[in-house]
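These numbers come from a predicted model, not from an experiment.
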Amino acid sequence: MKVIDLLNKIANNKWIPNKIKYNNEIYEYENNDYGYVRKENGIYYMFLNEIGNLFLNDEVEILEEEKKIPEKIDNSYYHLGQDQQNQLFKNTINEIIDTLEMLNDKIK
């Protein structure tokens, strides 16, 4: 992923990975104004200060995968049976998945 694409995701409050790798250095996201930082010999280095505007098209490696929304539970999945409690459980899980998909579509 390019640095500019990562910054756009962060600016739009989309998926923010906790760890990235740039120029063989690992940065962790700090939930404050500093963004991605790395610590070396007690000194904190801010990712944005180190890359500058000239490197926005450079590649940055994401060290974790984006979480995927699970599939809905169908009638045969997990052999839940047809009793009322299992049906309620299945319906509730499917409603949660529908809500997650709707929210995911809104932020894209």
Side-chain angles (χ1 to χ4, degrees):
M1 170 183 295
K2 291 185 179 186
V3 171
I4 189 69
D5 296 329
L6 174 65
L7 296 177
N8 281 329
K9 283 182 177 274
I10 294 169
N12 292 321
N13 288 322
K14 292 187 177 181
W15 175 63
I16 300 173
N18 289 323
K19 289 184 181 182
I20 60 171
K21 187 175 183 181
Y22 177 77
N23 282 343
N24 293 318
E25 300 288 348
I26 295 176
Y27 296 83
E28 292 189 45
Y29 189 78
E30 297 285 330
N31 195 12
N32 55 32
D33 293 334
Y34 300 118
Y36 289 98
V37 296
R38 68 179 173 90
K39 185 177 178 182
E40 186 177 304
N41 297 324
I43 300 172
Y44 285 91
Y45 296 91
M46 294 188 309
F47 176 67
L48 292 178
N49 287 351
E50 292 192 322
I51 62 165
N53 289 335
L54 299 176
F55 303 103
L56 293 177
N57 285 319
D58 283 1
E59 290 292 320
V60 61
E61 181 181 350
I62 306 300
L63 298 180
E64 63 184 284
E65 291 194 26
E66 188 172 357
K67 302 281 190 263
K68 302 292 183 197
I69 297 173
E71 292 183 21
K72 289 185 182 182
I73 301 172
D74 65 19
N75 286 331
S76 62
Y77 200 58
Y78 291 123
H79 305 288
L80 289 175
Q82 295 299 319
D83 69 0
Q84 189 174 5
Q85 186 176 8
N86 286 336
Q87 196 66 30
L88 179 62
F89 172 75
K90 182 187 80 165
N91 290 342
T92 302
I93 295 296
N94 286 341
E95 287 177 20
I96 292 170
I97 291 170
D98 285 341
T99 302
L100 289 172
E101 288 173 345
M102 179 194 65
L103 292 172
N104 193 40
D105 288 342
K106 283 187 176 183
I107 62 172
K108 285 187 178 181

Holding to side chain to side chain contact (heavy atoms under 4.5 Å, CB included), I want the full list of residues that pass it with Glu61, two or more places apart in sequence or in another chain. Lys21, Leu63
Contact summary for Val37 and Met46, nearest pair of heavy atoms: CG1-CG, 3.9 Å
To the nearest 0.5 Å, atom CD1 of Ile20 lies from atom OH of Tyr36 at 5.0 Å
Could you give the distance from CZ (Phe47) to CG (Leu6), rounded to the nearest 0.5 Å? 6.5 Å
Go through the structure and list residues passing side-chain hydrogen bond (donor to acceptor under 3.5 Å, both in side chains) with Asn8, not counting sequence neighbours. none
Which residues share a side chain to side chain contact (heavy atoms under 4.5 Å, CB included) with Ile93, sequence neighbours left out: Ile73, Phe89, Ile97
Rounded to the nearest 0.5 angstrom, the NZ-CD distance for Lys39 and Glu30 is 10.0 Å
Pairwise distance CE(Met1) to NZ(Lys9) - rounded to 0.5 angstrom: 5.0 Å
Might you work through the side-chain contact (heavy atoms from CB on, under 4.5 Å) test for Tyr27 and Val60, ending with a clear yes or no? CA-CA 10 Å; Tyr27 296 83; Val60 61; over 6 Å; no
Any chance you could measure Glu28, atom CD, to Asn18, atom CG, to the nearest 0.5 Å? 8.0 Å
How long is the span from the CG atom in Asp98 to the CG atom in Asn91, to the nearest 0.5 Å? 10.5 Å
